[in-house]
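Numbers restart at 1 for each chain; the letters A, B, ... are given by sequence-line order, proteins then strands.
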Amino acid sequence: MAIDLHKYANPKRFLAITGAIYPWSVGLTVVLLLVGLYLSLFVAPPDYQQGDTVRIMFVHVPAAWMALMIYTMMAISSAVGLIWKHPVADLTAKASAPIGACFTFLALVTGSLWGQPMWGTFWVWDARLTSMLILLFLYLGYMAIWESFDDPVKAAKAAAILALVGVINIPIIRFSVDWWNTLHQPASVATMDGPKIHSTILIPLLVMGLAYTAFFVMVLIIRVKAEILKRRLRVLQIAELRES
Amino acid sequence: MSFVAQNLACQRADQLIFEDVSFSLSPGEAVWVKGRNGAGKSSLLRICARLLAPLRGQAAWHGEDIFKDYDGYIGDYHYLGHLDALKYALTVRENIDFWAEFHGIPDVASALDQFDLQALSDIPTGMLSQGQKKRTNLARLTASSAKLWILDEPLSALDLHYIALFKERLIRHLAEGGMALFATHQDLELEQVKILDLDDWAS
Amino acid sequence: MSFVAQNLACQRADQLIFEDVSFSLSPGEAVWVKGRNGAGKSSLLRICARLLAPLRGQAAWHGEDIFKDYDGYIGDYHYLGHLDALKYALTVRENIDFWAEFHGIPDVASALDQFDLQALSDIPTGMLSQGQKKRTNLARLTASSAKLWILDEPLSALDLHYIALFKERLIRHLAEGGMALFATHQDLELEQVKILDLDDWAS
Amino acid sequence: MDQVATYFDMGGYGLFIWPCFAVSAFVLLVLYLSSRRRLTIVEKELATLERRRQKQSGRNISSSTEESLS
Amino acid sequence: MNRFLRLIGRDVRLAFRQGSAMTLGLSFFVIVVVLFPLGVGPELAVLARIGPGVLWVAALLACLLTLDRMFQADYEDGSLDLLMTGSLPTEILVLAKVIAHWLTSVLPLIVIAPLLGMSLNLPGDGILALTAALLIGTPTLSLIGAVGAALTMGMRRGGVLLSLLVLPLYIPVLIFGVAAVDASMAQLSATPHLLLLGGASLGALVVGPLAAAAALRLSLS
Amino acid sequence: MNRFLRLIGRDVRLAFRQGSAMTLGLSFFVIVVVLFPLGVGPELAVLARIGPGVLWVAALLACLLTLDRMFQADYEDGSLDLLMTGSLPTEILVLAKVIAHWLTSVLPLIVIAPLLGMSLNLPGDGILALTAALLIGTPTLSLIGAVGAALTMGMRRGGVLLSLLVLPLYIPVLIFGVAAVDASMAQLSATPHLLLLGGASLGALVVGPLAAAAALRLSLS
Ligand code: HEM
Ligand SMILES: Nc1ncnc2c1ncn2[C@@H]1O[C@H](COP(=O)(O)OP(=O)(O)OP(=O)(O)O)[C@@H](O)[C@H]1O
Ligand SMILES: Nc1ncnc2c1ncn2[C@@H]1O[C@H](COP(=O)(O)OP(=O)(O)OP(=O)(O)O)[C@@H](O)[C@H]1O
Ligand SMILES: [Mg+2]
Ligand SMILES: [Mg+2]
C-alpha cells in the first residue's frame, strides 16, 4: 500500500476522457485560429469611427472573456475540491490559473495598446480596466499560494480558501469599481456595446472567442495531465524512499 | 483515561521520518522518546499534541481518535516545545498569569513557587537567562490542569538543581495519576518510564 | 598567545551579576564556566567575545586589552551563543559557505564532514531538527581559523553520538594549540580543563 | 508592394495593431510550449523512476499501487 | 468568554508594552498624511480634493502593514502552539485576535483621523463622514486581513503574499469609504455608502473567522 | 574586498530566497500607486498633477518600511554577533548592508517607476526626470536609514522610533526629488535639483557608515 492513496484518488478515468478530447481541441484550435485570424485581418472592414484599430478587438475581447470565465471556473473547481475532496478538481483549478493570468495579461496589454489611439493614453483608471488589473492580482495571489506550500494537500486547501473568498469579491469589486467610476466621470469611455455591432465584426469576434476557448481546453488538458503525473511521481518517490 | 497511539507514521517535506510507531500511556506512566538527532522525536510529540497531522495511524484519548475533531482531548494535555512561548515584553508573572487564566487555573503563586520564580516575577522575560526562561516555561506547565504532559527537551538549559526539582515535580505529577510523554537527550531516570526508541525503526 | 581576564565585573539592568572574576587561557587549555542558572555564564562569555562591556576589569589577548579597540583580537576568536545564527531560507551548505568565506577559510567540505552534514547539505536550515541545527552551528566553528572558541551551551540538543564527536573535535582543537572557553550544564569531561565556578562568587 | 505597405500600415494604426497580435501570439505560444515542456519533463522523470523500480524489484511492484495510481 | 477577553487583553497590553503594532500603524498613518502635502504641494484646493482619498489609502496601508503581526508573533515564539492546543475554538481565537488588532492598530488611526482631515483642509461634514466611514468600514479590513494573515503565517514570503492576497479584497472598502466622504462633502447623503460598508463588515464577520480558522489549522500543521 | 562582496551577495540571495525585503518594498510601492487613483478618482488631470508626489512619497515609504530589517534580522538570529566579531571593520559592514538594502529594496522600485509613472499619466520628460532623481536621490535614503536602523536595532519600539528619527532627514530628498520632476514637466531644467540630490548622497556616503557603525557598536553591547 503506497502512501495515502485516497488523497490521490484514481484519475485514470479523467485521463482517459481528456485523452479523447485532446486531439479534437488541438484541431479545433488550429482551424478556428486560422479562420478567425483570416476573418479579422482581411475580411472585417475598418470601423467608420475607429478605423482599423477595431481589429484589436478580435484579440482583446476574447482574451477579456476568457480571463473572466477562467476565474469563475477555477473557483467552482476549488469549491468542488474543498467540499468533495476530489483531488483532480484541485489540480484543475491549479492548472487553469496560469492560463487565466495569461489571458488577463493579454486583455490588459491589448487594451492599453488600443487605448493609446482611442483615448490618447495607455491607461486610464476606468472601472473595467481597474477591475481587470485587480483580477490579475487575484490570479497572481492564487498562483503564489500554490507555490508557497511544500505540501500539495495543504497548498490545495489554502488556494481553495483564497479562490472562494476571492470569488465572493469579484462581483463586489466589479460593482464598486463601476459605481466609483461613474460617480466621478460619467461614461466618457468609449465602449462599443449596444446594437451597433455588425455581423462582419461579430462573426470574426465569435470565431476568435471559440478559438481561444479551444486553446484553453487544449492547454488545460496538458497542464492537468502534468499535474496528475507530478503527483504520481511524488507518491512513487516517497514509496521509493520508504523502501530504501 | 489513557493515551494510545497506534502505527503512527510521519512524513515531513517528502521524507518519511518514521512509521508504525505505537505506544500507550495509562495514568501514572511516562514514555521517554529516544532517538538520535533527526529521528523524529519532536515530530512525534507534535503529532501527539495535534500540531502536526500524521501520515497514517491513530492516536486515541479516552478511546476516541484525537484527529477526528474530538473535543474531549482539548485542555487535557499541555505541550512544551523548543520555543519558549514567552512574551519578552511581559514580566514572568504576567506571562504565567495569562496562561493560567487561559487554562482556567487561578493559582499563579504556587506555580511561581514551584520553580523559585518569586524573586524574578517582576522582571520582563526578555531579560532572563536561558535557564530562567526555561523555568518560567516549566512553571506554566504546572499552572495548567493538563493530565498529559508532552515535553520536548524539558531539561535543556536547566542546571542540576532545577533538573532535580523538575524531576521531583514530574514524579509528583505521575503519582497524582498524570501522564507524561517526553523527549530528551539528557538523563532523566524515572521508575515508571517506558522507553520508545525511534532509532529501532530506522535501522 | 594567551587570553587573560582579570577582575571582570558585570552588571546587567542595575544588577551586579558577578565581580572579581579572573582566569587565564594558554594554548591547549580550556576553561569550563560553571554556575547555577542566572549566575552570569552567558554574560561572561559575551564579555570575552566583546559583545558586552564589563563594568570593571580587563581582558587581554596577547597581552593587549581587547576593549581598547585592539584589532589583534579580531578573527582570533569565535563565539557560539544561544542563538543559532542560521538563515533558515538558505541551505546548510550555503550557510556554512558564507561564514567560511567570511572567515577566509575556503574548505567547506571538511567542515560539513566533521559533523556528518553532507547528507543534509542541501536542505534549508529551517527544516532541520534542533540537533541538526546545532550541528550546523558547530560545523561553522570548525570552518573558522579561530584560536579561541567561546561556546555557550555547545552540547544542548545534541545526541550522545554527536556529543562524543564534538568532544573529540574540541580535544583536537586543544591539541593543535587552540583554546576554549565554554559554559554548559551537561557533562563534558576533558583532561586539560580548568573550572571556573561563578557560584563561588555569589556565596 | 505599395498595397502591402498600406495594408500593414493599417491606416496609420499599424504601430498599435500589430504589436497586439504579436503579443497575443507570443504569450499564447509560450504558454503552450511551456505547458508541453512541463509535461514531457514529468513524463520522462516518471518513466526513469518506474523503470528503475521495475528493475529493482524484479517482480511486479505491488500491483495494487500500480493500479490505483495509473 | 473570560479567556476570550483575557486573550484580547493580553494582546492589547503587549501592543502598549512593545509599542510596535500600535504605534507602527499610527505613525505610518501620520507620516503618509504629513508627507503628502510636501510631495504634492501646499495648494489647499488640491489637498481638499485628494484629502479623503489620501486618508483612506493611508488607513488601508497602515492596516495592511500591521496585519502580518496578527498571528506571526505568536507563531514565532511558540505561543500559537499553546493557544491552538488550548480549549478556545480556533474561530473564537481568530475573533479575539481580530478584535485586538482592530483595537490596537486601527482604532488609534480613527481617533486621530479627524485631526489629520482638518490639516488636509477637509470641511466639517467631510470629517464627520470620514470618521463614521472608518468606524464602520475598518472592521472589514481586520477581518479579511485575518484570512490573509493566517494563510501566509510562517511563510517565507509571507509579507508580500499577504498584501497581494488581501489588497484586491480591500478595494471595495476603499471605494465606498471615499465615496461616503465625497458624498457628504458634496452635500449628498453618505448613508447608502455607510450601509454598504456596514454590510461588508457583517459579511466579513461571518466569512473571516471561519476561513481564517481553517487557514490557521492548515498553516500550523 | 572579497568578504565585503560575499556579504552583499548573501543579503541579496536571502532577499531573493525569502522574498521579504525585496518584494515587500516593491509590492508596497506598486500598491500605493494602484490605490491612489482608486482613492482619488480617475481624472487624468488630477492624477498627473499629484503623480510625482505620489511616486516619491511611495518610494520613501517603501524605503522606510524595509529599513528596519537592515540589521534587525541579523540581530535576532545571532548573525550580527558573528559579523561584528569577525574581521570586517564595522563601517565596511554597514556599507555592505546599505548596498544590499539599496539593491534589493530600492532598485526594483526604480526599475518599475517609469511604468507606474505612465499609468499616472506623467509625460515622457517627467518620467525621465523621475527615474534620474530616484537613481541619484535614493542612496541617501538607504545611507541615512542605516543610522536610524542601527540606533533602533533591538529596541522594543524600534520601528516607530526609526520612522521618527529618519523621516525628518528624508524630507529634503522628497522635496528636491519632486522639484526635479516638476521642473522637467514645466520644461525647465531638472539639473540643479539633481545636483543637490547627488550632493546629499555624497555627504550621506561619508557620514552614514561612520555614524551607523558607532550606533551599531552601541546597540549591541
Ligand atoms: C487596458 C485596457 C483595457 C482593459 C483591461 C479592458 C478590459 C476589458 C474587459 C474585461 C472586457 C470584457 C467585458 C465583459 O465581457 O463584460 C472588455 C471588452 C471590451 N473592450 Fe476592453 N479593455 C481595455 C481597453 C479597451 C479599449 C481601449 C477599447 C476600445 C476603445 C476596448 C473595447 C472593448 C470592447 C469593444 C469590448 C467588448 C464589449 C462587450 O463585450 O460588451 N477596451 N475589455
Ligand atoms: N519544519 C520541517 N519541515 C520539514 N522537515 C522537517 C521539519 N522539521 C524537521 N524536519 C525533518 O524531520 C526529521 C525529524 O525532525 P525532528 O525535529 O522530529 O527530529 P528530533 O528527533 O526531534 O531531532 P533532535 O534530537 O535533533 O531534536 C528531520 O530529519 C528533519 O530534517
Ligand atoms: N539582556 C539582559 N538584560 C538584563 N539582564 C539580563 C539580560 N540577560 C540576562 N540578564 C540577567 O543577568 C543574569 C545572568 O544572566 P546569564 O544569561 O549570564 O546567566 P547564565 O549563567 O548564562 O544562566 P543560564 O545557565 O540560565 O544560561 C541573570 O540574572 C539575568 O536575569
Ligand atoms: Mg527535537
Ligand atoms: Mg546562559
Greatest number of non-hydrogen atom pairs under 4.5 angstrom with chain B, of C:Glu153, C:Lys34, C:Met127, falls to C:Glu153
Just wondering, do C:His161 and B:Arg36 contact through their side chains at under 4.5 Å, heavy atoms? no
Got a donor-acceptor contact below 3.5 angstrom from the C:Asn37 side chain to the B:Ala157 backbone? yes
Could you state the interatomic distance from CD1 (B:Ile163) to NE2 (C:His185), rounded to the nearest 0.5 Å? 8.0 Å
Taking atom CG of C:Asp152 and atom CD of B:Gln130, what is their separation to the nearest 0.5 Å? 8.0 Å
Ranking B:Gln132, B:Gln186, B:Lys41, B:Arg135 by heavy-atom pairs under 4.5 Å to chain C gives rank one to B:Gln186
If you tally heavy-atom pairs under 4.5 Å between each of B:Gly131, B:Ser156, B:Ala39 and chain C, the highest tally belongs to B:Gly131
What part of B:Leu158 gets closer than 4.5 Å to chain C, counting heavy atoms only: side chain, backbone, both or neither? both
So, the part of B:His82 with a heavy atom under 4.5 Å from chain C: the answer is side chain
Looking only at heavy atoms, the pair that brings C:Gly38 and B:Ser129 closest together is N-OG, 3.4 Å
Heavy-atom distance under 4.5 Å to chain B: side chain of C:Arg12, backbone, both or neither? neither
Hey, is CD on B:Glu176 packed in by over 12 heavy atoms from elsewhere, all under 6.0 Å? yes
